[in-house]
Trainee: 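I am attaching a structure below and will ask some questions about it afterwards.
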Amino acid sequence: MSLIFDKKFKLDSSEKFDDYMKALGVGMMTRKLGNTVSPVVELTKSDDGKLVLSSNSTFKNSSIAFKLNEEFDEETPDGRKVKSLIVQDGNKLIHTQKCDKHNDTTIVREFEPEQLKMVLTVDDITCTRIYKPVQ
Ligand code: DKA
């Protein structure tokens, strides 16, 4: 199994996302918006060989361009400034975000033809978000 490029996935179900955002210090208004939107996520490759992960929703459009195994600066949709590292394990991208002001978190994205499964972990909280292919 490997990563899936150029395929759009839309959020279909989500568990413990509010707890996850609370543990990261995300404010109430942003959490309310975050809980109501269904982003569309896509993995692509840029001309300069970077991987690009984009997420589009009525709340926010965001995109990160990165090289595997190389730390980069990222600003998260809720405004945290983090040091990110993304490594690949087969069909999974394992994304760690480290920050002095907030708790560190790990986001695992597992690409399968019928779904993109995200497992987001902070402290003892595990949030699972299932994205389904956009028809
Ligand atoms: C996702 O892409 C969730 C990514 C985590 C974002 C953390 C905070 C978001 C606040 C709206 O499905």
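Along the sequence shown, residues carry numbers from 1. Note that ligands are numbered from 1 as they come in the structure, with each ligand's atoms numbered from 1 the same way. The shown structure was predicted, so the numbers you read here are calculated from the model rather than taken from an experiment.
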Trainee: I need the Gln97 CD to Ile86 CD1 distance, nearest 0.5 Å.
Mentor: 8.0 Å
Trainee: Can you find a heavy atom in the side chain of Glu112 that is under 4.5 Å from one in the side chain of Asn91?
Mentor: yes
Trainee: How many angstroms lie between atom CZ of Arg109 and atom CG of Leu53, to the nearest 0.5 angstrom?
Mentor: 4.5 Å
Trainee: Is there any protein N/O under 3.5 Å from an N/O of ligand 1, and what does the full list of such pairs look like?
Mentor:
residue  : atom   : partner : partner atom : Å
ligand 1 : 12 (O) : Arg129  : NE           : 2.8
ligand 1 : 12 (O) : Arg129  : NH2          : 3.1
ligand 1 : 12 (O) : Tyr131  : OH           : 2.6

Trainee: What side chain to side chain donor-acceptor pair (under 3.5 Å) pairs are there with at least one residue in residues 15-40, not counting sequence neighbours?
Mentor: Asp18-Arg31, Asp18-Asn35, Tyr20-Thr105
Trainee: Can you run down the ring-ring contact (aromatic ring centres under 6.0 Å, His included) pairs that involve residues 97-134, sequence neighbours left out, and say none if there aren't any?
Mentor: none
Trainee: Is there any ring-ring contact (aromatic ring centres under 6.0 Å, His included) pair reaching into residues 58-100, and which pairs are they, with sequence neighbours excluded?
Mentor: Phe66-Phe72
